[in-house]
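Remarks on the structure that follows.
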Amino acid sequence: MGKFITFEGVDGAGKSTHLAWFADAMRQRGLDVVITREPGGTPLGEQLRKILLNQPMSSGTEALLMFAARLEHIEQVIKPALRAGKWVISDRFSDASFAYQGGGRGLDWDKLNQLEQWVHPDLQPDLTLFFDVPVEVARQRLANNVSLDRFEQEQADFFERVRAGYHKRVQQNPQRYVVIDAAQSLDIVKHKLEEIILTI
Ligand code: TYD
């Protein structure tokens, strides 16, 4: 079996930049790596992503669609790749639902636990890299983007709650996470990632 690694953080934390670099470094070590993302990762999931990022909806609908896309992603992409001995690196997974729908939108944490139990009772990432950054720093980075999606357009207090949601998840299961101070320069974060790669 391969290993399942997820990247998490508030919008603007820089996780996508680091993910590309991390996957390249793993490939250079000769590992067979599959890069994927949520919401998305399958043809259906990518269609749901367009809706989720653009269409206003209730927080319950948002959570259900995130987990619907996830179920498809797990069955069509993640599990088959792991069974084939590949390493799967996903840009976001269920921690994002707890942080954004649970923390950000205020959806009942227990409902999300139930969805998680339904959709992936037997799968959790082997490792989650959580790029943690103060909300002001993340928002300054997003300010350069020309077009912002439905989540990125939210106000600072929403992102404070998202960040708190991530912290709650980390506290509930600390051994699964490496928390990276993503306010540091790209080079320092890269160095930290190099160290992590040596341990896996
Ligand atoms: P993101 O991963 O930030 O992609 P990009 O870097 O291309 O903007 O975009 C996905 C958005 O979806 C992000 O704002 C967080 C949100 N999201 C949730 O609210 N819940 C979830 O379960 C997932 C996977 C993502």
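Whatever order the structure lists ligands and atoms in, that order sets their numbers, starting from 1. Residue numbers start at 1 and run along the sequence shown.
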Using a strict threshold of under 4.0 Å (side-chain N to carboxylate O), is an ion pair present between [Y] and [X]?
X: Glu8; Y: Lys15; result: no
X: Glu195; Y: Lys190; result: no
X: Asp149; Y: Arg49; result: no

Just which atoms of ligand 1 are under 4.0 Å from any heavy atom in [X]?
X: Gln101; value: 18 (C), 19 (O), 20 (N), 21 (C), 22 (O)
X: Arg70; value: 22 (O), 24 (C)
X: Pro39; value: 12 (O), 23 (C), 24 (C), 25 (C)
X: Arg49; value: 4 (O), 5 (P), 7 (O), 9 (O)

Could you grab the distance from atom [atom1] of [X] to atom [atom2] of [Y], nearest 0.5 Å is fine?
X: Leu107; Y: Leu112; atom1: CG; atom2: CG; value: 5.0 Å
X: Phe67; Y: Ser94; atom1: CZ; atom2: OG; value: 4.0 Å
X: Gln184; Y: His191; atom1: CD; atom2: NE2; value: 10.5 Å

Does any N or O of ligand 1 fall below 3.5 Å from an N or O anywhere on [X], backbone included?
X: Glu38; answer: no
X: Asp11; answer: yes
X: Arg92; answer: yes

What part of [X], side chain, backbone, both or neither, has a heavy atom within less than 4.0 angstrom of ligand 1?
X: Ala99; answer: neither
X: Arg105; answer: neither
X: Glu62; answer: neither
X: Ser16; answer: side chain

Protein heavy-atom partner closest to atom 22 (O) of ligand 1 - residue, atom, separation in Å: Ser97 OG, 2.5 Å
Protein contact to atom 17 (N) of ligand 1 [nearest heavy atom, distance to 0.1 Å]: Met66 CE, 3.5 Å
Distance under 6.0 Å and angle within 45° of ring axis: Arg139 vs Phe159: no
Lys/Arg cation over aromatic Tyr166: Arg169, 6.0 Å, 45° cone: no
Closest candidate by heavy atom, reference atom 8 (O) of ligand 1, pool Glu152, Lys15, His73: Glu152
Ring geometry between His18 and Phe131 (parallel below 30°, tilted from 30 to 60°, perpendicular above 60°): parallel
